[in-house]
Amino acid sequence: MVFKIIFQSTSFAIPFFLTTVSLLIIHKFTTNYINQTWILFFMAFTIEDMATFCKAKSFVYPNSEIYGGFSGFFDLGALGSELNNNIKQAFWKTFVQGREDVVGIDGTIISHPKVWEASGHVGSFSDMLIYCSKHKKGLRADQIVEEVLDVRTDGLKADALLKLITENAEKFKVAGYELDDKISNFNLMFKTFIGPSQSDDSVAYLRPETAQLIFTNFKLIMDTARTRLPFGIAQVGKAFRNEISPRDFLFRCREFEQFEIEFFINPEEKKCALFKSPEKKFVVNILTEDCQKDDKPHYSISLGDMVNKKILGEWHAYWLKQYYQFFLEHGISPENLRLREHCKDELAHYSSACFDIEYKFPFGWKEIHGCANRGQFDLTQHIKHSKQNLEVFDENTQKKVVPRVIEPSQGVGRAMLTFLFEAYDDDKERGNIVLKLHPTLAPYKVGVFPLVNKLTDQARKIFDKLKVDSVCFFDKSGSIGRRYARADEIGIPYCITFDFESIDDKSVTIRDRDTTKQKRVKISRLQKILGDLLSGKTTFDKVK
Ligand code: GAP
């Protein structure tokens, strides 16, 4: 018997021991190349896991799946469309309706092709393409270099990328690439034809950014919408880019949504009247150009200090703060956010300075927001190409000017991915996933459950009342524990259970998603309590 136990445990222990030792040896020898990514590989919730979760819970589906999918395109499901709308509404409420100095527009997806010639997109909105004979297609050169050599390639030109590829030819071979010795530029704009003829004269483009419609309408808005400098114009809508290698789920798609603001300022106005003490004291994590060149990590600094050190101007700092704060206020942890300064050699053709807000995804720190100083580039280009005078009168200085522009540009899909990753919590104790989305963003705000089917009619009455104010979910199937778990998994912040006692005491149980705490409250006060909870006026602990 003793022998049997020893034999059984040994037969298990030996392979276990050997596997552990092998993993430690692999780790020892690969640390220099891939840091600790293998550990993450075994442990972390990956972008692929997120795509699977999003499909299973009706957030996001691969487009045209019945035909095998369509790379770079995604459809939003029942919950995804709610979440997406909530994110857009939160941006719109905060940055348009909540301000007196920003107005919105809703422009077309296709516009006059000259718009894109003037903006520089026809000439230079391209990525670097390299042909791989193993894959039998062109691939994005910078992405392959990042993937194989584990280096950042921001700002590297074709020559520098080719040099890295040649110097590390063996590594690319091992990684399964057989690459050409030349890199070409590939324009990312989708082309279409207007009208029945399909010639060069009828070519038009699907907009690759929402910004240009704002520039072309700028003067009209200034003349008709009672705006005065400094002020902003916002737009939310689709943008299209024929990405060479769409990847990382919603992160890099061919069709996506942007929420962009072009904020117009008198070019002489260097000081920002809105950059006051709270903005100056606001602390951010920053990866400066110097950090990137010296291979140093990001550090914390106040925006006031950044401006004093001339890392950026006041208006630029002001707008970065608004979005950084937006993410913090909607549940993103400070340690998962940082700013990254664009290096001089990676700036887009229109920008003289640019800072990204980056989020720490499982696949690394990645851009979720770009805030560029576009200067007078776009308006000057449109003046040149349209031969229209787009100067405007500044009432403060009583002079005509071509304004300069700060552009906060937000991808809606990347914001969604950020909120989903931050919210996702695989709660082992509870035994289910808890999606801790901020109540403003959560697709459903309230779940209403009758304890048993017999109580359905009474519970429905409560549901009908609550759904007037909030998007609610009615669930009567399965045990109450199972229903709570289902609600947790799709991020419902509060659940209401109508039980037998409710008939007599005219009360229900309200359960808090994040703590699982429960309280008994009068049905007559339910709407008010939920309203206060969802708007952040009160916390669950304070509910009486
Ligand atoms: N108007 C400036 C502009 O479009 P950008 O850095 O190219 O600047 C702004 O894009 C934001 O749009 C990015 O920070 C990102 O959130 C989003 N975005 C850009 N390309 C994207 C893509 N292929 N898929 C999803 N989101 C994208």
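We count ligands from 1, going down the list as the structure has it; atoms in each ligand are counted the same way.
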Only heavy atoms of [X], strictly under 4.0 Å: list the atoms of ligand 1 that pass.
X	result
H369	14 (O)
R374	1 (N), 2 (C)
G370	14 (O)
E260	1 (N), 2 (C), 3 (C), 4 (O)
E209	1 (N), 2 (C), 3 (C), 4 (O)
I368	14 (O), 16 (O)
E243	23 (N)
Y350	2 (C), 3 (C), 8 (O)

Pairs of nitrogen or oxygen atoms closer than 3.5 Å, one from [X] and one from ligand 1: do any exist?
X	value
Q258	yes
F256	no
P208	no
A211	no
C253	yes

Among protein heavy atoms, which sits nearest to [atom], and what does the distance come to when rounded to 0.1 Å?
atom	value
atom 11 (C) of ligand 1	S409 OG, 3.7 Å
atom 6 (O) of ligand 1	E367 OE2, 3.2 Å
atom 17 (C) of ligand 1	G411 CA, 3.6 Å
atom 7 (O) of ligand 1	R241 NH1, 2.8 Å

Distance under 6.0 Å and angle within 45° of ring axis: K191 vs Y205: no
W365 six-ring centre to R340 NZ/CZ under 6.0 Å and within 45° of normal: no
If the contact criterion is a heavy-atom separation under 4.0 Å, does [X] count as touching ligand 1?
X	value
G413	no
F125	no
H121	no

Would you mind telling me if ligand 1 is within reach of the side chain of [X], the backbone, both or neither, using heavy atoms under 4.0 Å?
X	value
F74	neither
R252	both
R254	neither
T210	neither
Q212	neither

Donor on one side chain, acceptor on other, D356 and H342, under 3.5 Å: yes
Derivation and outcome, ring pair (Phe, Tyr, Trp, His ring centres under 6.0 Å), residues F74 and F256: CA-CA 9 Å; F74 293 94; F256 55 97; over 10 Å; no
Residue pairs passing the side chain to side chain donor-acceptor pair (under 3.5 Å) test where at least one lies in residues 68-82, sequence neighbours excluded: N63-D75
Residue list, ring pair (Phe, Tyr, Trp, His ring centres under 6.0 Å) with Y318, at least two apart or on another chain: none
salt_bridge([X], [Y]) N-O dist < 4.0 Å:
X	Y	value
E146	R152	no
K219	E391	no
R241	E209	no
D159	K157	no
E257	R414	no

Passing candidate, side-chain hydrogen bond (donor to acceptor under 3.5 Å, both in side chains) with H382, options K114, Q388, Q212: Q212
More than 12 heavy atoms from other groups under 6.0 Å of OH on Y131: yes
Reference residue Y424; test ring-ring contact (aromatic ring centres under 6.0 Å, His included); the match among F59, F45, F419, F361: F45
Exam field: side chain R374 to backbone A353, donor-acceptor pair closer than 3.5 Å: no
